Trainee: 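Please read through the structure below; I'll follow up with questions.
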Amino acid sequence: MKLLISLTILFFLVSSCSDDDIMQDTVIQESEIVGMWKPLRYEYKGKTYPVSACQQKGQILINFDFSGVYENYDVPSSTGNCNLLNSFTGKWNYDMKDNTLKLTYKESGANKILSKNVETFSDTFLKISDNTKDLDNIPGVDDATLVFTKE
């Protein structure tokens with residue numbers, strides 16, 4: 001009987017420590033994603049491609065309360081000028097199970113969601129999936145990775 005009680009107590013101690021470790025990892029990872037992230041480069045098929053000076057104006061800003069901004073700039077071939085293509089302000093949510101970073105924002109009175117697939121992140125780099133560019137000069141967009149650096 002003493003053995004059964006001892007094993008039961010040991011089980012509860014081990015499982016409670018594991019839960020604390022999981023919670024601690026979650027808090028650490030969430031705090032690492034907070035900050036201002038600036039586009040640095042694209043990665044595609046083992047090669048790196050720099051972002052333009054215009055694209056470097058973009059940002060993902062995640063504040064401590066997870067409010068923030070998403071902005072991206074590019075040079076449309078029709079104008080040749082650096083333009084702000086998207087600017088959204090709202091509330092970020094990072095889902096660690098699905099590795100998605102979502103910004104909920106309002107547009108014309110309706111709630112909208114901007115979703116980015118996170119490949120990986122650390123305290124200095126955030127890598128998200130991006131299929132908006134033709135990097136290899138073969139017609140069509142490429143399934144690349146857009147690498148952001150934290151400022």
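Worth knowing before you read on, the calculation uses all heavy atoms, side chains too, and leaves out hydrogens, waters and symmetry mates. Computed from a predicted model, the values in this text were never measured in an experiment.
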Trainee: I need the single residue from Ile128, Leu103, Leu126 that forms a side chain to side chain contact (heavy atoms under 4.5 Å, CB included) with Lys116. Which is it?
Mentor: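 It is Ile128; the other options fail the test.
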Trainee: Have a look at Leu146 and tell me which of Tyr49, Tyr42, Tyr44 forms a side chain to side chain contact (heavy atoms under 4.5 Å, CB included) with it.
Mentor: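 Result for side chain to side chain contact (heavy atoms under 4.5 Å, CB included) with Leu146: Tyr42.
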Trainee: Please list every donor-acceptor pair under 3.5 Å in which a side-chain atom of residues 81-88 meets a protein atom from a residue at least two apart or in another chain.
Mentor:
{"unit_1": "Asn86", "atom_1": "ND2", "unit_2": "Asn72", "atom_2": "OD1", "d": "2.9"}
{"unit_1": "Ser87", "atom_1": "OG", "unit_2": "Glu71", "atom_2": "OE2", "d": "3.4"}

Trainee: Can we say Glu151 and Lys38 salt-bridge, meaning some charged N sits less than 4.0 Å from an Asp/Glu carboxylate O?
Mentor: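 Result for this pair is no, no salt bridge flagged.
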Trainee: Can you get from Phe121 to Phe66 by hopping between Ile, Leu, Val, Met, Phe, Trp and Tyr side chains that sit under 4.5 Å apart?
Mentor: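 Same hydrophobic cluster.
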Trainee: Which value, rounded to the nearest 0.5 Å, describes the distance between Thr132 atom OG1 and Asp74 atom CG?
Mentor: 7.5 Å
Trainee: NZ of Lys127 to CG of Leu40: how many Å apart, nearest 0.5 Å?
Mentor: 10.0 Å
Trainee: Give, for atom CG of Asn99 and atom CG of Asn117, the distance between the pair rounded to the nearest 0.5 Å.
Mentor: 8.5 Å
Trainee: Quick one: does any side-chain atom of Asp95 pair with a main-chain N or O of Asp98 as donor and acceptor, under 3.5 Å?
Mentor: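 Checking the backbone N and O of Asp98 against the side chain of Asp95, a donor-acceptor pair under 3.5 Å is found.
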Trainee: Can a donor-acceptor pair be found between the side chains of Glu119 and Ser129 at a distance below 3.5 Å?
Mentor: yes
Trainee: Could you list the residues that satisfy side chain to side chain contact (heavy atoms under 4.5 Å, CB included) with Lys102, not counting sequence neighbours?
Mentor: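 So Lys102 forms a side chain to side chain contact (heavy atoms under 4.5 Å, CB included) with Thr100, Ile113, Ser115.
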Trainee: Could you measure the distance from the CZ atom of Arg41 to the OG1 atom of Thr48? Nearest 0.5 Å is fine.
Mentor: 6.5 Å
Trainee: Short question: side chain of Asp142, backbone of Leu135 - any donor-acceptor pair under 3.5 Å?
Mentor: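 A pair under 3.5 Å: yes.
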Trainee: Measuring from atom CG of Asn93 to atom CG of Leu101, what distance do you get when rounded to the nearest 0.5 angstrom?
Mentor: 8.0 Å
Trainee: With rounding to the nearest 0.5 Å, note down the distance linking CD1 in Ile62 to OH in Tyr94.
Mentor: 10.0 Å
Trainee: Is any side-chain heavy atom of Gln55 closer than 4.5 Å to one of Tyr73?
Mentor: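 No, every pair of side-chain atoms sits at 4.5 Å or beyond.
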Trainee: Carefully, step by step, assess Trp37 and Lys150 under the rule side-chain contact (heavy atoms from CB on, under 4.5 Å).
Mentor: CA-CA 4 Å; Trp37 299 92; Lys150 188 184 267 188; 3.4 Å; yes
Trainee: Membership question, hydrophobic clusters at under 4.5 Å side-chain separation (ILVMFWY): are Val147 and Met36 in the same one?
Mentor: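 The answer is no; the residues belong to distinct hydrophobic clusters.
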Trainee: Taking the side chain from Lys91 and the backbone from Asp65, do they hold a donor-acceptor pair closer than 3.5 Å?
Mentor: yes
Trainee: Please give me the minimum heavy-atom distance between Gly58 and Pro39, naming the atom from each residue.
Mentor: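 Answer, listing the atom of Gly58 first, then Pro39: O-CD, 3.2 Å.
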Trainee: Please step through side-chain contact (heavy atoms from CB on, under 4.5 Å) for the pair Ile60 and Trp92, ending with a clear verdict.
Mentor: CA-CA 10 Å; Ile60 292 176; Trp92 286 104; 3.7 Å; yes
